[in-house]
Amino acid sequence: MKIGIAGVPGTGKTTVSEILSKRLGIPVIHQSDYFSGLVSLKAVRTKFWWLLQRYKDVIIEGHLLCDVKLPLDYLFILRTRPDVLMGRLEERGYSKEKIDENVLAEALDYCLQRAEERYDRIIQIDTTETSPELVAERIIRCINGDCQSDEVDWIPVLEKLIISGKITYI
Ligand SMILES: Nc1ncnc2c1ncn2[C@@H]1O[C@H](COP(=O)(O)OP(=O)(O)OP(=O)(O)O)[C@@H](O)[C@H]1O
Ligand SMILES: [Mg+2]
């Protein structure tokens, strides 16, 4: 089984995939071990295809999964309410520009929209008010046949962030 975990930076992909890897006893491929900064999507697709062929059961995680088509059984997209995501990215010490860019991408469903063109089995998980352990738990339940995808609408939160001047780079 090949499990993809995608989502905007800060939604918890790496944290959740590590927990999942231990729980399921299968390896995880981290995008950040192979790519950083500006990358060619063609190179990403080729590398990931090649890596995925090496394992029968594997987890792969990274935000670029939304932008390339890969032979995955499931694509989980982690979602986080934009104001909470902003807090997580501030803690990382990201520049204001980088924070706003990622918060906007989350608020406007960037990853989901890109992934919908490429994958049939997309499950969204809202991580806003839960723990990484419970997110991993939901993923396990899903691959065992009990799948629930969350619907999110971050537009009202985005409006508040813009009106209150918390997002400036638009
Ligand atoms: N429910 C949750 N699920 C996942 N992460 C959470 C949750 N609640 C809080 N966090 C925190 O959010 C942060 C997410 O960091 P993490 O590095 O896993 O994100 P990422 O999606 O891999 O980001 P990047 O794309 O930059 O690698 C961590 O500090 C984690 O502890
Ligand atoms: Mg990560």
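All ligand and atom numbering here is 1-based and tracks the order in the structure.
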So that I can check it, does any N, O or S atom in Thr14 come closer than 2.8 Å to the Mg ion (ligand 2)? yes

Do you see a donor-acceptor pair shorter than 3.5 Å between the side chains of Thr80 and Thr11? no

Looking at Glu129, Arg92, Lys13, the heavy atom closest to atom 15 (O) of ligand 1 belongs to Arg92

Does Gln31 reach ligand 1, in the sense of a heavy atom lying below 4.0 Å from it? no

Interfacing atoms of ligand 1 (cut-off 4.0 Å, heavy-atom, Thr130): 1 (N), 2 (C), 8 (N)

In this structure, CD1 of Ile59 is separated from CD of Glu18 (nearest 0.5 Å) by 8.5 Å

I'd like to know if the side chain of Glu106 reaches the main chain of Leu85, judged simply by a donor and an acceptor atom lying under 3.5 Å from each other, with no hydrogens or angles considered. no

Salt bridge or not between Lys69 and Glu117? Use side-chain N to carboxylate O under 4.0 Å. no

Can you check whether Glu61 has an N/O within less than 3.5 Å of an N/O in ligand 1? no

When distances are taken from atom 27 (O) of ligand 1, the protein heavy atom at minimum range is Thr14 OG1, 3.8 Å

Identify whether the distance between the nearest side-chain nitrogen and carboxylate oxygen of Asp126 and Arg81 falls below 4.0 Å. no

Report the distance from atom CD of Glu101 to atom OG of Ser95, rounding to the nearest 0.5 Å. 8.0 Å

Look at atom 18 (O) of ligand 1 and say which protein heavy atom is nearest, naming residue and atom and giving the distance to 0.1 Å. Thr15 OG1, 2.4 Å

Side chain of Ser149, backbone of Gln124: donor and acceptor closer than 3.5 Å? yes

For ligand 1 and Gly10, I'd like to know whether there is a polar contact (N/O to N/O, distance under 3.5 Å). yes

Using a 4.0 Å heavy-atom threshold (strictly under), name the region of Arg88 that reaches ligand 1: side chain, backbone, both or neither. side chain

Residues Asp67 and Tyr110: side-chain donor-acceptor under 3.5 angstrom: yes

With heavy atoms only and a cut-off of under 4.0 Å, state how Ser32 meets ligand 1: side chain, backbone, both or neither. neither

When you measure from atom 4 (C) of ligand 1 to each heavy atom in Ser131, Gly62, Gly12, which option holds the nearest one? Gly12

